[in-house]
Asker: 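Attaching a single structure in structure tokens format; questions to follow.
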Amino acid sequence: MSKLFQAIRGMNDILPGESALWQALETTLREVLAAYGYDEIRLPLVEKTELFARSIGEATDIVEKEMYTFADRNGESLTLRPEGTAGCVRACIEHGLLHNQTQRLWYAGPMFRYEKPQKGRYRQFHQVGAEAYGMAGPDIDAELICLTARLWRRLGIGAVTLQINSLGSSAARAVYRDRLVAYFEARRAELDEDSQRRLATNPLRILDSKNPAMRAVLADAPVLIEHLDAESHAHFEELRTLLDAAGVAYQINPHLVRGLDYYCKTVFEWVTDTLGAQGAICAGGRYDGLLEQLGGPATPGVGFALGLERLAALLAAAGQPGADANPHAYLIAVGAAAQRWGLALAERLRDQAPALRLRMHCGGGGFKAQFRRADHSGARFALILGEDEVRAGTVAVKPLRDPDGQQLTLSPDQAAAFLRAALDATPRP
RNA sequence: GUGGACGUAGCUCAGAUGGUAGAGCUCCGGAUUGUGGUUCCGGUCGUCGUGGGUUCGAGUCCCAUCGUCCACCCCA
């Protein structure tokens, strides 16, 4: 007796019953990204480990303990991508996409992080990301945020709020960071264990601690947004003006920082309180220094990533139906002669009506069983072949969903024309 | 990585105190031998997550392990 295999922990199958929702989600994403003039870029799942270490940051949790890293057969250290920006930047530099030009790009696909799975957090998860290169002003930041806001409207997601903040230039942030460390050092006794550890590694992250006992220390801490350099301040003010003009509501969250080292100036996050502890469905920001840091031209960049599992969970909770993938017609064929002729007829109908989704019954069975399958398939029409139809060279067409519909006996050409007309009358996306 | 709850049929779940497994839905067949969806009748489906242990006897108790969920942590 062989042992039952199970999927790797935290890596989920998307079953037929769920895939319609995913397809609808992906279609909407593509349409909205296209509406803003973003082009798709397709990237490998695996990159050199060093690319992630240098871009995401050596001291981050992702690089320190969450990456799927392995040696390939040459002994080179490779890593399953934990996020998409690093690979996207690498590809743009490698192929000269940033040479005297701007880019608006998007990508989609699985990402991998070795975390303890819980709702909305998996070891293989799916993101769609958008990145814009070569544009330094707040207008492109605002465009990306407008794009995401439009996405929620198109998807019918209401329970999300936008939080924004500015991290300032790296120089200004370094000054602020020193002040923050000095402040926390002075009140070290009030910090919890995690925060004391972060004081040495990533002090800004202390700001978004969820520990209620830390509230008092955090309330009096120096505020990042009051220590911005003049340029970052102007950038942030203009972003707010643009969002106001576009009618996108937001909250300023001075404690919003990002877990990845490469961000500067604008950071934003869309959050919901309906998904439990994993409430961020989309997050991003500006990363002007990253391209140069990875050996490219000094090019500003800004982007976001959103989590498809989390969006799918929101859509499922809202009862969204997903894409209609049901067949339009189900071909019933009873008897050996009818089954032989049925296969040929099905091919002929697909030739003459290319948009038709036609499911042919296979596996035999009587009229009762085949009609039951036809009904369960969700098809609008049953196409019926029995001995009588085979003898006459006809096919019976029965509407399954229309209580007033009449069953017709048609020639194959007439059936094709009938089905084409029925599809045209109710076009499906 | 830390803490907690939980794994019984394909799905949703019942199975006090240990005595050898049930319901609804699904699926298949019949009533209706060429017509689905409603109704009625009948039937299939389980190594009770896995591996050990205690016991005359374990779905039930103990240990380990795998997995799911929740919180921390982290993040999309």
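Labels below follow one simple rule: chain letters A, B, ... track the order of the sequence lines, proteins then strands, and each chain is numbered from 1.
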Asker: Heavy atoms from C-beta onward define the side chain here; which of B:C72, B:G37, B:C74 lies closest to that of A:Q118?
Answerer: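 Closest nucleotide among those given: B:C72.
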Asker: What protein N or O atoms touch nucleotides 24-33 of chain B N or O atoms at under 3.5 angstrom, if any, and at what distances?
Answerer:
{"from": "B:C27", "atom 1": "OP1", "to": "A:H376", "atom 2": "ND1", "distance (Å)": "2.6"}
{"from": "B:C28", "atom 1": "OP1", "to": "A:R373", "atom 2": "NE", "distance (Å)": "3.1"}
{"from": "B:C28", "atom 1": "OP2", "to": "A:R372", "atom 2": "NE", "distance (Å)": "3.3"}
{"from": "B:G29", "atom 1": "OP2", "to": "A:R372", "atom 2": "NH2", "distance (Å)": "2.3"}

Asker: At a heavy-atom distance below 4.0 Å, what parts of residues 278-289 of chain A sit against RNA chain B?
Answerer: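 Heavy-atom contacts with RNA chain B come from A:Q278, A:A280, A:I281, A:C282, A:A283.
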Asker: Among B:C74, B:G36, B:C69, which nucleotide sits nearest the side chain of A:Y122?
Answerer: B:C69
Asker: Could you work out the separation of B:G36 and B:C28 based on their C1' atoms and round it to a whole Å?
Answerer: 15 Å
Asker: Using a heavy-atom cut-off of under 4.0 Å over every strand shown, decide if A:D388 touches base, sugar-phosphate, or nothing.
Answerer: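 Base: the residue A:D388, judged by heavy atoms under 4.0 Å, touches a nucleobase.
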Asker: Which is true for A:I332 with a 4.0 Å heavy-atom rule: it touches a base, it touches only sugar-phosphate, or it touches nothing?
Answerer: nothing
Asker: Mind calculating the distance between CD (A:Q163) and P (B:C75) to the nearest angstrom?
Answerer: 15 Å
Asker: For A:D13, enumerate each residue passing the side chain to side chain contact (heavy atoms under 4.5 Å, CB included) test, keeping only those at least two apart in sequence or located in another chain.
Answerer: A:A7, A:L15
Asker: Taking the side chain as everything from C-beta on, heavy atoms only, tell me whether A:R286 gets closer than 4.5 Å to A:I140.
Answerer: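 SC-SC contact between A:R286 and A:I140 confirmed.
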Asker: Using ring pair (Phe, Tyr, Trp, His ring centres under 6.0 Å) as the criterion, list what pairs up with A:H255, not counting sequence neighbours.
Answerer: none
Asker: What contact category does A:G10 fall into here, base, sugar-phosphate, or nothing, at under 4.0 angstrom with non-hydrogen atoms?
Answerer: sugar-phosphate
Asker: Counting side-chain heavy atoms from CB outward, which of B:C72, B:A76, B:U68 is closest to A:A277?
Answerer: B:C72
Asker: Output all residues satisfying ring pair (Phe, Tyr, Trp, His ring centres under 6.0 Å) with A:Y114, sequence neighbours left out; order by chain, then residue number.
Answerer: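 Counting only residues at least two positions away or on another chain, A:Y114 forms a ring pair (Phe, Tyr, Trp, His ring centres under 6.0 Å) with A:Y68.
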Asker: Tell me, please, which residues at least two apart from A:K368 pass salt bridge (Lys or Arg N to Asp or Glu O under 4.0 Å).
Answerer: none
Asker: Once you round to the nearest 0.5 Å, how far does CE of A:M111 lie from CG of A:L45?
Answerer: 8.5 Å
Asker: State the dot-bracket string of RNA chain B. Criteria: Watson-Crick or G-U wobble, both atom distances under 3.5 angstrom; notation: ( ) intrastrand, [ ] crossing earlier pairs, | interstrand, . unpaired.
Answerer: (((((((..((((.....[..)))).(((((.......))))).....(((((..]....))))))))))))....
Asker: If every non-hydrogen atom of A:I62 is compared with every non-hydrogen atom of A:M67, which pair is closest and at what distance?
Answerer: O-CG, 3.1 Å
Asker: Holding to side chain to side chain donor-acceptor pair (under 3.5 Å), I want the full list of residues that pass it with A:R9, two or more places apart in sequence or in another chain.
Answerer: none
Asker: With a 6.0 Å cut-off on ring centres, are A:F418 and A:F381 close enough?
Answerer: yes
Asker: Looking only at heavy atoms, what is the nearest atom pair of A:L242 and A:A142, with distance?
Answerer: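 Result for this residue pair: CB-CB, 3.8 Å.
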Asker: Counting only side-chain heavy atoms from C-beta out, which of B:C73, B:A76, B:G34 sits nearest to A:D194?
Answerer: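 Looking only at heavy atoms from C-beta outward on A:D194, the closest nucleotide is B:C73.
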Asker: Identify, residue by residue, the members of residues 33-67 of chain A with a heavy atom below 4.0 Å from RNA chain B, and return them in order of residue number, or none.
Answerer: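 Under 4.0 Å from RNA chain B: A:D61, A:E66.
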Asker: Expressed as a whole number of angstroms, how long is the span from A:I8:CD1 to B:U68:C1'?
Answerer: 16 Å
Asker: Is B:A23 syn or anti, taking syn as a glycosidic angle within 90° of 0?
Answerer: anti
Asker: Has the side chain of A:R310 got a donor or acceptor that lies under 3.5 Å from a partner of the other kind on the base of B:C75?
Answerer: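 Between B:C75 and A:R310, which were checked side chain against base, a qualifying N/O pair under 3.5 Å is present.
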Asker: Under the side chain to side chain contact (heavy atoms under 4.5 Å, CB included) rule, collect the residues that match up with A:D39, sequence neighbours excluded.
Answerer: A:L105
Asker: Hey, is the main chain of A:A353 close enough, under 3.5 Å, to the side chain of A:R420 for a donor-acceptor pair?
Answerer: no
Asker: Going by centres under 5.5 angstrom and planes under 30 degrees, do the aromatic ring of A:F367 and the base ring of B:G34 stack?
Answerer: yes
Asker: Ignoring backbone atoms, establish whether A:R121 has a side-chain N or O less than 4.0 Å from OP1 or OP2 of B:C69.
Answerer: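 False: A:R121 side-chain N/O out of range (4.0 Å or more) of B:C69 OP1/OP2.
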Asker: Between B:U35, B:A76, B:G34, which nucleotide has the shortest distance from any of its atoms to the side chain of A:Q127?
Answerer: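 In terms of side-chain proximity for A:Q127, the closest of B:U35, B:A76, B:G34 is B:A76.
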Asker: Is there a donor-acceptor pair under 3.5 Å between the side chain of A:Q196 and the backbone N or O of A:L191?
Answerer: yes
Asker: Between A:Y114 and A:K398, just flag the one whose closest nucleotide in RNA chain B comes earlier from the 5' side.
Answerer: A:Y114
Asker: Using a 4.0 Å heavy-atom cut-off, does A:R197 contact any base of the nucleic acid, only the sugar-phosphate backbone, or nothing at all?
Answerer: nothing
Asker: If you look at every strand shown and take non-hydrogen atoms under 4.0 Å, does A:Q370 touch a base, only sugar-phosphate, or nothing?
Answerer: nothing
Asker: Under the salt bridge (Lys or Arg N to Asp or Glu O under 4.0 Å) test, which residues partner A:E347, sequence neighbours left out?
Answerer: A:R350
Asker: So, using side chain to side chain donor-acceptor pair (under 3.5 Å) as the criterion, who are the partners of A:Q293 when residues are at least two apart?
Answerer: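 Expected list: none.
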Asker: Counting side-chain heavy atoms from C-beta on, which of B:G3, B:G67, B:A76 comes nearest to A:Q6?
Answerer: B:G67
Asker: Starting from the 5' end of RNA chain B, give me the residue, A:P403 or A:E269, whose nearest nucleotide shows up first.
Answerer: A:P403
Asker: Counting only distance, no hydrogens or angles, is the base of B:G37 paired donor-acceptor with the side chain of A:D375 under 3.5 Å?
Answerer: no
Asker: Out of B:G36, B:U35, B:C75, which has the shortest distance to the side chain of A:Q407?
Answerer: B:U35
Asker: Walk me through it: do A:Y38 and A:L147 pass the test side-chain contact (heavy atoms from CB on, under 4.5 Å)?
Answerer: CA-CA 10 Å; A:Y38 284 67; A:L147 190 163; 3.8 Å; yes
